[in-house]
Amino acid sequence: MSVNNLNIRRLLKEDIDKPSKELSIYLLGKILVRKLEGDTILKGRIVETESYLGGEDKASNTYNGRRTAANEPMYMPAGTTFVYMTYGMYHCINISSKEPGAAVLLRALEPLSGIEAMQKFRAQKMKSKKNEIKTSKLCDGPSKLCISMNITKQNLNKVDVTDPENREIWLEDDPEFEKENIKIVHTSRIGIASAGVEWASKPLRFYILNNDSVSKRDKVAEEDFHSDVDTS
DNA sequence: AGTCCGATTCGCT
DNA sequence: GCGAATCGGACTA
């Protein structure tokens with residue numbers, strides 16, 4: 001085992017047991033690990049997240065306290081996966097947070113290990129399998145990362161990623177990753193216009209500035225980080 | 001039982 | 001940049 005691996009540790013319940021917004025930011029830089037049958041390991045650094053709150057949040061599946069069999073994982077203890085199908089053909093994965101009815105949507109990963117397998121999963125699902133996908137484009141969207149990591153509602157909904165016995169999916173800390181050296185952009189969430197401007201515009205999406213795997217950059221929000229260089 | 005609609009992605013214009 | 005693909009589940013009656 002390499003020296004680097006000695007400091008890597010799985011995240012536990014106590015690490016994840018945070019309110020949705022706080023957890024969204026905490027998870028940036030952490031590593032999502034997926035172990036396939038045959039022991040292939042896929043890893044990706046979380047570089048973009050979104051927070052979904054309960055109750056008031058019109059964009060949330062749990063808006064107004066709605067509670068059904070389908071959204072039950074959002075009410076379960078922090079660290080529970082909530083995988084749902086969207087547009088009849090894609091999946092999105094969330095990690096439930098401390099508050100009942102709230103969760104964090106994983107929107108993008110920077111692929112670190114198992115790139116070959118990710119390429120294979122993505123190619124399977126596409127019509128034109130001609131050209132190879134750029135590594136940074138393998139997981140640059142909530143459904144793309146589910147395809148690349150073979151995450152579906154059938155296989156990984158409602159499981160505890162903080163369970164030390166979980167051999168399929170978990171989170172790891174990366175001691176090499178210097179969180180103090182990155183900039184985190186706070187901006188509006190994607191694809192929720194029908195929730196109305198008030199909730200659609202709230203800054204509940206978070207991503208690592210200048211990371212190539214981020215799904216959609218917000219140039220305006222990014223200006224906050226270089227306003228002193230502005231020449232206008 | 002029937003209708004409506006996405007927390008998206010891809011392929012083509 | 002735009003429209004199609006595609007289906008589970010919430011909601012209506």
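A, B, ... follow the sequence lines: proteins, then strands. Residue 1 opens every chain.
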Whole-Å distance between [N] [atom2] and [X] [atom1]?
| X | N | atom1 | atom2 | value |
| --- | --- | --- | --- | --- |
| A:Q124 | B:dC10 | CD | P | 14 Å |
| A:K137 | B:dG11 | NZ | P | 15 Å |
| A:E72 | C:dA10 | CD | C1' | 16 Å |
| A:K216 | C:dG1 | NZ | C1' | 12 Å |
| A:N71 | B:dA7 | CG | P | 12 Å |
| A:L138 | B:dT9 | CG | P | 13 Å |
| A:R66 | C:dG9 | CZ | P | 12 Å |
| A:I151 | B:dT8 | CD1 | P | 16 Å |

When Watson-Crick pairs (N1 to N3 and N6-O4 or O6-N4) and G-U wobble pairs (N1-O2 and O6-N3) count only below 3.5 Å on both distances, what is the dot-bracket string of DNA chain B, with | for other-strand pairs?
-> ||||||.|||||.

Taking C-beta and beyond as the side chain, do A:Y52 and A:E50 meet within less than 4.5 Å on heavy atoms?
->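 Of all side-chain heavy-atom pairs linking A:E50 with A:Y52, at least one is under 4.5 Å.
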
Can a salt bridge be assigned to the pair A:K13 and A:D160 using a cut-off of 4.0 Å between side-chain N and carboxylate O?
->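 Result for this pair is yes, salt bridge flagged.
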
Charged N-O contact under 4.0 Å between A:K30 and A:E172 =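 No salt bridge links A:K30 with A:E172.
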
Is there a donor-acceptor pair closer than 3.5 Å between any side-chain N or O of [X] and the backbone N or O of [Y]?
| X | Y | answer |
| --- | --- | --- |
| A:R45 | A:L109 | no |
| A:K179 | A:L28 | yes |
| A:N64 | A:R66 | no |

Proximal nucleotide (of C:dG9, B:dA7, B:dC10) relative to the A:A70 side chain =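 Side chain of A:A70 sits closest to C:dG9.
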
Look at the side chain of A:M74 and decide which nucleotide, out of B:dA7, B:dG11, B:dT8, has an atom nearest to it.
->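 Of B:dA7, B:dG11, B:dT8, B:dA7 is nearest to the side chain of A:M74.
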
Taking all non-hydrogen atoms of both residues, which atom of A:P142 and which atom of A:C92 are closest, and how far apart?
->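 Minimum heavy-atom separation between A:P142 and A:C92: CB-SG, 3.9 Å.
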
Could you tell me whether A:R67 contacts a base, only the sugar-phosphate backbone, or nothing, with contacts defined as non-hydrogen atoms closer than 4.0 Å?
->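 No contact at all - A:R67 keeps every heavy atom at 4.0 Å or more from the nucleic acid.
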
Contact list for DNA chain C against residues 83-112 of chain A - heavy-atom distance below 4.0 Å |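 Within this stretch, A:Y87, A:G88, A:M89 sit under 4.0 Å of the strand.
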
Is the shortest side-chain N/O distance from [X] to OP1 or OP2 of [N] below 4.0 Å?
| X | N | value |
| --- | --- | --- |
| A:K144 | B:dC10 | yes |
| A:K153 | C:dG9 | yes |
| A:S143 | B:dA7 | no |
| A:R122 | B:dC10 | yes |

Determine whether the side chains of A:K43 and A:S113 contain a donor N or O and an acceptor N or O closer than 3.5 Å.
->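 Short answer, no.
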
Between A:R205 and A:T187, does any side-chain donor sit less than 3.5 Å from a side-chain acceptor?
->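 On atom types as modelled, these side chains do not qualify, holding no pair under 3.5 Å.
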
Quiz item: cation-pi between A:R67 and A:Y75, 6.0 Å / 45° |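 Yes.
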
How far, in whole Å, is C:dG1 from B:dA7 if one measures between their P atoms?
->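 Here B:dA7 and C:dG1 have their P atoms 23 Å from each other.
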
Pick the P atom in B:dG2 and in C:dT6, then give their distance to the nearest Å.
->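 Result for the P pair: 22 Å, nearest Å.
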
